[in-house]
Each structure stands twice: as structure tokens, then as C-alpha cells.
Amino acid sequence: MKNILRSLLAIALVLPVSASAQKYQGGLIDKTVAVIGNEMISLAQLEGEIMSMRLQGMYYSDRNVRCEQLERMLESKLFLMQARVDSLVVSQDMVASQLDQHIDNVRTQLGGDDAVEAYFGKPIYKLRQEWQQQFEDMSLTQQMQGEIAKKIPELTPHDVKQYLSEVDPEDLPLVPVKYQLSQICVYPDREAAGLAVKEKLLNIRERIINGEKFSTLARIYSEDPGSARKGGELGMASKSIFWPAFSDAAMSLKPGVISQIVETPDGYHIIEVLEKKGDMFNARHILLKPSYTDQDRQKAFRTLDSLKTEINNNAVTFQLAAKFYSQDPQTKTNGGQMADPNTGSAYFEIDQLKPQDYAAIKDLKEGEISDPVESLDNEGRGNTVYKIIKVDRIIPSHTASFENDYSELLEETRYKKQKEAIDEFLDDKIKTTYIIIDPLFKDCEFSREGWNNIARKGVAE
């Protein structure tokens with residue numbers, strides 16, 4: 001269900017990235033476009049937000065994007081002002097971590113420090129200072145939102161019933177179909193497949209050392225489709241975005257030297273570094289993944305078919321067979337019962353299942369067992385695994401009810417209460433805070449009428 005602190009209340013989640021104070025569209029020079037108490041918003045900051053959104057490929061709504069973004073910034077400033085009044089403290093460790101990740105992402109997207117400086121029109125050290133301040137402000141803003149939400153009294157079943165009595169039945173949440181599943185997994189011979197792929201990669205490495213072009217062989221053999229068509233080239237990127245084994249190997253290489261085989265959760269690589277700058281590098285690689293034969297698949301399927309037959313003949317229970325025969329360490333100890341690795345829930349919605357798993361069980365009834373299927377496990381980006389899946393329970397899609405979906409309705413009620421508290425906070429602050437919005441935005445249709453009144457009159461009354 002909805003989490004107000006990650007959705008509605010997350011006013012400041014789009015990190016502003018400041019542009020230089022130069023001419024913008026329409027010949028406008030940088031200027032202050034809003035004053036909120038002792039806080040200000042400049043045109044440069046607003047345009048920086050827009051640049052950040054474009055860089056992140058974010059979706060723009062039908063509303064004017066600058067009006068929408070300005071409203072987010074205005075509301076964020078109100079939270080920020082109250083956070084400072086309440087003496088909330090910034091978590092510097094969290095800010096440092098978020099800042100480093102943000103800088104690495106921007107540098108990787110644009111292709112290095114020089115490209116970042118050219119895009120934003122400022123040196124990296126200056127951008128880092130500005131982004132740190134913005135992350136600190138974001139930390140305080142989100143803490144303030146949390147403080148407002150915490151003031152809501154602990155909800156009771158009475159609150160949920162009251163919510164149900166007030167809401168239009170058509171507006172009640174629709175609970176999607178959910179599955180409770182168990183599995184028995186058999187892996188192919190990964191050791192033999194790994195040896196085979198290493199031998200092939202060693203042969204390719206020898207061909208490169210003997211004079212063949214790395215880029216040509218990458219186009220022919222690499223199983224990384226994104227880089228293969230570019231001759232294996234990854235582009236200038238921060239080492240933090242790669243698997244540690246890959247980054248460590250690349251950073252230790254001199255340009256032009258071909259690495260030994262490097263194993264990551266994606267498979268096996270050979271790497272050639274083209275350029276290094278600080279903790280960034282541009283490299284080529286050839287990725288090969290272990291592949292399995294029809295014999296591997298048939299052998300696993302015969303084993304799983306036999307187990308399915310024994311279970312259906314009541315010679316053994318599914319749970320006991322999973323404990324003795326399943327090779328998946330995450331599920332075999334609890335009788336094969338699957339759990340969402342992200343939430344820990346024993347129930348899966350359709351979009352939480354791997355496509356191969358859903359295809360295997362979508363036509364089954366409760367208690368039935370699928371035919372053997374080739375799927376992926378949850379390691380890295382997924383290793384080949386063969387499995388049979390038992391449908392333990394199906395909860396059909398339905399409109400949420402107090403009797404069957406109390407926890408979902410409790411979250412929905414909490415969301416409504418939090419939204420009301422946030423709306424009340426913002427509306428009160430708009431009325432009691434000295435605010436100016438530049439006439440440049442007088443035609444905006446803000447979602448809160450208070451902003452519209454100020455934009456059209458100039459100053460809050």
C-alpha cells in the first residue's frame with residue numbers, strides 16, 4: 001500500500017542540481033523568483049531542478065513543469081523552515097553516502113568530471129558544495145515530514161471502520177490476486193559449465209594478445225548486449241557502479257593490458273582499460289556466461305518429473321521432498337515455501353513473480369504442482385535453475401474488506417490521516433509565513449489555492 005513518507009510527502013526527492021546564473025529561455029537573467037520567510041528560490045535553482053529531471057529522464061506531467069517544480073520547492077522550504085525551528089539535526093553519514101552516490105551517477109551519465117562541469121557550467125568542487133547543502137536540506141525536510149506523521153495517534157480498528165464508513169465503496173483499494181507458493185529446485189552442473197566458459201574466454205584472450213582486435217571479438221562473442229555493439233566499451237564511469245571484483249580488476253590494470261579472467265555475479269569477463277581518471281575508468285570487456293546443454297536440462301527435468309509423480313502418488317509430501325532434494329538453500333529448510341526477497345512476504349502478486357514462474361503456475365489450482373520449468377534464482381542478476389512449483393494458496397483479486405484485508409486498510413487509513421496532517425500543516429504555514437512569488441508565475445495553476453492567491457497578488461496577506 002501507499003507510504004506517505006515515500007510518495008505524497010516526499011516533496012524534495014528530486015535533488016536540485018544548480019545551473020550557472022546565466023541567461024535562460026526567453027533571455028531571462030537569474031533572479032529570485034520566490035521568498036518564503038528567510039528562504040529564497042532563484043531562477044537558477046529552479047532551472048537546475050529541470051536540468052536534473054531531464055538528466056534522470058523523469059516523466060513530466062501535463063501541468064507546466066516549471067510551475068509544478070516550483071510548487072515542490074515552495075513546499076519543501078516550508079518543511080525546512082519548521083525543521084530548523086524545531087532544531088532537527090542532519091544525519092551527516094547519510095548525506096555523505098547519498099552525495100557520493102549522486103555524484104557517481106551524474107559523472108557516469110555524463111561521462112566524467114569535464115562533461116559534468118560543462119553541463120552545469122560550474123567546477124566539480126562548487127557543485128559538490130551545492131549538492132551537499134541540498135542533501136542536508138532534503139534530510140531536514142524529510143525528517144520534518146516524519147515528525148508531522150508521528151503526531152498522528154496510533155490507529156485502532158475503530159479508525160479503520162470509520163474510514164470505511166466515509167469512503168465511497170468504489171474508491172476502496174483493489175487487492176490484486178496473490179499466490180502462496182513452494183518450490184523444489186535443481187541446479188545444472190555449474191562447475192563444469194564454468195570451466196567450459198573459462199576455457200573459451202582464455203582462447204579469446206590469447207587471440208587478442210596475438211594481435212586480433214579486442215573490439216572486434218567483443219562484438220562477436222560478448223554476451224553483454226549493451227556494450228557488445230560498441231566493441232565492448234563501457235564508457236567513462238565511476239568504479240562504484242560495477243561489481244567490486246570488476247572494479248578492483250579494472251583499477252589495477254594499466255591501459256592496454258588485458259586482464260586475467262574476472263568472475264562476477266554476471267558471469268566471466270576479460271577487461272581492457274582505455275582510460276583512468278581518479279576513481280573513474282573507461283574499459284572494454286567481453287562477458288561470457290555459463291551455458292547449459294539440453295542434456296543438463298533433460299537430466300534435471302527427469303529428476304523433477306519423478307519427484308512430482310512421487311508427490312502426486314502420496315509417496316512423499318512436497319515439504320519433505322523439498323527438504324531432501326531441493327538445492328535452493330533459501331527455501332529447502334522450510335519445506336520449499338517461497339518468500340519475496342524484498343519484503344519477506346509469503347504472498348506474491350503477479351508482478352513480483354519471475355515471468356517463467358508465473359507462466360508455469362498461472363493456470364494451476366490450489367494444491368497443484370507445475371511441470372518442470374527453467375527459471376532464474378535470486379543471486380546476482382539470476383542464475384539458471386530448474387524447478388517445480390506448488391500452488392499452496394490463491395487469494396483472488398477483490399475489493400479490500402475489514403474482515404480479510406485489515407492490514408491493507410490500516411495502511412490506507414494511515415495514509416489518509418497523514419495526508420490530512422500534511423495538508424493542514426502546509427495550508428497553515430502558507431497563511432502565516434511571509435511569502436512572495438514572482439509575477440512570472442502568476443498564470444500557474446498550483447495544486448494549493450494558497451499558492452495561486454499569492455502568485456496573483458504578489459505577497460501573502
Whether His285 and His269 hold their rings parallel, tilted or perpendicular, with breakpoints at 30° and 60°: parallel
Aromatic plane relationship, Phe425 with Phe79 - under 30° parallel, 30 to 60° tilted, over 60° perpendicular: parallel
More than 12 heavy atoms from other groups under 6.0 Å of CD on Gln101: no
Lys299 NZ: over 12 foreign heavy atoms closer than 6.0 Å: no
Are [X] and [Y] close enough that a side-chain donor and a side-chain acceptor fall under 3.5 Å?
X	Y	result
Asn378	Gln330	no
Gln132	Glu136	yes
His398	Asp405	yes
Gln69	Arg72	yes
Asn312	Thr309	no
Asp137	Gln133	yes

Check: [X] side chain, [Y] main-chain N or O, donor-acceptor pair, under 3.5 Å:
X	Y	value
Asn282	Gly235	yes
Asp248	Ala245	no
Thr108	Ser238	yes
Gln356	Glu374	no
Glu368	Lys365	yes
Lys308	Ile369	yes
Ser306	Arg302	yes

Is a salt bridge present between [X] and [Y], judged by a nitrogen-to-oxygen distance below 4.0 Å?
X	Y	value
Lys200	Glu223	no
Asp224	Lys289	no
Glu412	Lys416	no
Arg107	Asp113	yes
Lys387	Asp328	no

Close aromatic pair by centroid cut-off 6.0 Å: Phe242 and Phe281: yes
